[in-house]
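One structure below.
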Amino acid sequence: MRIIDTHTRLVNVTGAQWNVGRDEILARHAAHAQECSPAECGYAGHRDGVVDSFVHVSSTVERELCIAEVDWVERMARLHDLDLVMVAGVDPTRSGDEILGDLEAFATSESFRGVRLPVGMPSDLPFVPQLLNWLAERSLVVEFSPTAQQVPSWVRALEQHPHLVSVVGYDTWVITPDSKVSDDWREAFRAYADGNVDAWQVTLPSDGVTAVVSPEIMRPWLELGVELLGWDRLMFASTLSLDSSAALYPKLIADFEELIAFASAEDRAKFWSENAAEAYRM
C-alpha cells in the first residue's frame, strides 16, 4: 500500500506558531546542507518503507528562508529519487505584488506545489484574490486553516476560483484531548462539504516530537469528515518534523489503520495516497 504524507516539515511547530525562529531554521538548513541520505535528511520513513512520498511544508513565512527550503527539498528529491514536493509559506504582512514576486521565485522549482496560509488568516485581506488567481492559473494548491467562524467567508472566496485545488489542514490547535465536535465546527465542515473545498488533511493530535495521542480522540472528527466530505476528500497528514518522523511513523500509521479499519480497501487507498497524488500531482 502506497502512503503519501501530505504534511511534513523541517522543524517542529505546534498550533498557530508557524513562523518559528530564524536562527533555528538557519541551523537546520545548515545541518541538512550536505548531500545526505534520505534518513540523514530526515526522510527515514522512505528508507524504512513506512511512507513512500512526502509533501514538505515550510515552517516559516520569511521569503529568503522559504526559497532556501524549496531549493533544499528539490535537491533532496533529485539526489535520492524521492517522491517529494514542497508547499511554501506566505507572509501576510507583504503586499500583493510582493507576494506574487515571492511565488514566482518559488515556482522556479519543479518541486513547488503551492502555499500554506497562516493559521486563522482572514479571507478579506487585499492580496487574497490575486493569490488565489495566481495559484489557480498554475494548477497549484492553497492550504488554509481558518477558524470555524472564518470558514463561510473562505468558502465564498474559493467559489470565485473553481479550478483552484484547496486543502484544509488542522492540527492540535483545534483537536485536543478534551475537545468535542462543537456545533460551530459541524457547521464549518458542512460549509466545506457544500463549497469548493477539495480535501481535508486528517492528522492525529501530537506534540510533534515524542507522543501521538490516542486515535479515539480523533474518531468523532474522522466520522464527521466521512459523513460530510466522504473518502474522496480525506487525506493522511502527520504534521511531524523530520527529526521525529522516524520514531513516530510506525505508531502513527498503526493508529490510523485502527481508526479507519471500518473503511473499504478502496476508501483506505484514497485516504493513504490516491487523493493526495491527484491534489499534489505526485
Side-chain angles (χ1 to χ4, degrees), residues 1-9 37-57 73 76-87 111 113-114 116 141 143 165-171 175 197-206 208 211-282:
M1 176 181 64
R2 183 187 185 193
I3 296 178
I4 298 176
D5 185 350
T6 60
H7 189 135
T8 60
R9 52 204 182 203
S37 70
E40 290 167 337
C41 77
Y43 288 103
H46 177 275
R47 177 201 63 187
D48 295 336
V50 178
V51 177
D52 305 280
S53 310
F54 305 87
V55 179
H56 182 99
V57 181
V73 166
M76 289 300 101
R78 184 175 60 255
L79 284 172
H80 305 296
D81 195 27
L82 295 171
D83 194 6
L84 174 64
V85 297
M86 173 74 181
V87 171
S111 300
R113 290 295 185 273
R116 187 176 184 92
V141 175
E143 298 182 1
V165 180
S166 55
V167 176
V168 182
Y170 293 113
D171 55 359
I175 303 163
V197 176
D198 293 282
W200 173 36
Q201 294 172 331
V202 185
T203 185
L204 289 178
S206 165
V212 176
V213 179
S214 167
E216 289 305 311
I217 294 170
M218 190 65 192
R219 191 174 300 280
W221 292 87
L222 178 66
E223 291 173 350
L224 176 68
V226 173
E227 173 191 348
L228 296 180
L229 300 176
W231 288 105
D232 289 340
R233 291 201 272 180
L234 304 182
M235 56 178 66
F236 165 63
S238 76
T239 71
L240 296 178
S241 67
L242 300 188
D243 290 344
S244 62
S245 60
L248 293 183
Y249 264 138
K251 184 180 187 305
L252 184 64
I253 300 302
D255 284 346
F256 260 115
E257 284 285 10
E258 176 184 340
L259 193 62
I260 67 172
F262 67 94
S264 68
E266 179 181 4
D267 288 337
R268 289 200 301 274
K270 291 176 182 178
F271 172 78
W272 285 121
S273 64
E274 291 177 4
N275 296 337
E278 181 177 356
Y280 294 96
R281 293 182 284 116
M282 301 181 73

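Position 1 is the first residue of the sequence; numbering continues from there.
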Residues forming a side chain to side chain donor-acceptor pair (under 3.5 Å) with Glu227, sequence neighbours excluded: Arg186
Heavy-atom closest pair, residues Ala261 and Arg268: O-NH1, 4.1 Å
Heavy-atom donor-acceptor pair, Ser238 side chain to His7 backbone, under 3.5 Å: yes
Note, Arg233 side chain near Asn275 side chain (heavy atom, < 4.5 Å): no
Side chain proximity check, Met218 to Val202, heavy atoms < 4.5 angstrom: yes
Closest contact, heavy atoms only, Val141 versus Ala279: CG2-O, 3.3 Å
Minimum side-chain heavy-atom gap Phe236-Ile260 below 4.5 Å: no
Interatomic spacing from CG in Leu252 to CD1 in Ile3 - rounded to 0.5 Å: 9.0 Å
Whether Phe271 and Phe256 hold their rings parallel, tilted or perpendicular, with breakpoints at 30° and 60°: tilted
Glu143 side-chain N/O to Gly169 backbone N/O, donor-acceptor pair under 3.5 Å: no
Ring geometry between Tyr249 and Phe54 (parallel below 30°, tilted from 30 to 60°, perpendicular above 60°): tilted
Non-hydrogen side-chain atoms of Gln201 and Val167 separated by less than 4.5 Å: yes
Gap between atom CD of Glu274 and atom CG of Asp232 - 0.5 Å precision: 9.5 Å
Atom pair CD/CD1 of Glu258 and Ile253 - distance to nearest 0.5 Å: 13.5 Å
Donor-acceptor contact present, side-chain Thr6 to main-chain Val55, <3.5 Å: no
Distance in Å, Leu224 CG paired with Trp200 CH2, rounded so as to fall on 0.5 Å steps: 6.5 Å
Where Asp267 and Trp231 come nearest, the two heavy atoms and their spacing: OD2-CD1, 3.1 Å
Spacing of Asp83 atom CG and Ser111 atom OG [to the nearest 0.5 Å]: 9.5 Å
Contact summary for Ile4 and Ala276, nearest pair of heavy atoms: CG2-CB, 3.9 Å
Closest non-hydrogen atom pair, Arg2 against Asp52: CA-OD2, 3.2 Å
Closest non-hydrogen atom pair, Met1 against Trp272: SD-CD1, 3.1 Å
Side-chain heavy atoms of Leu234 within contact of Leu229, under 4.5 Å: yes
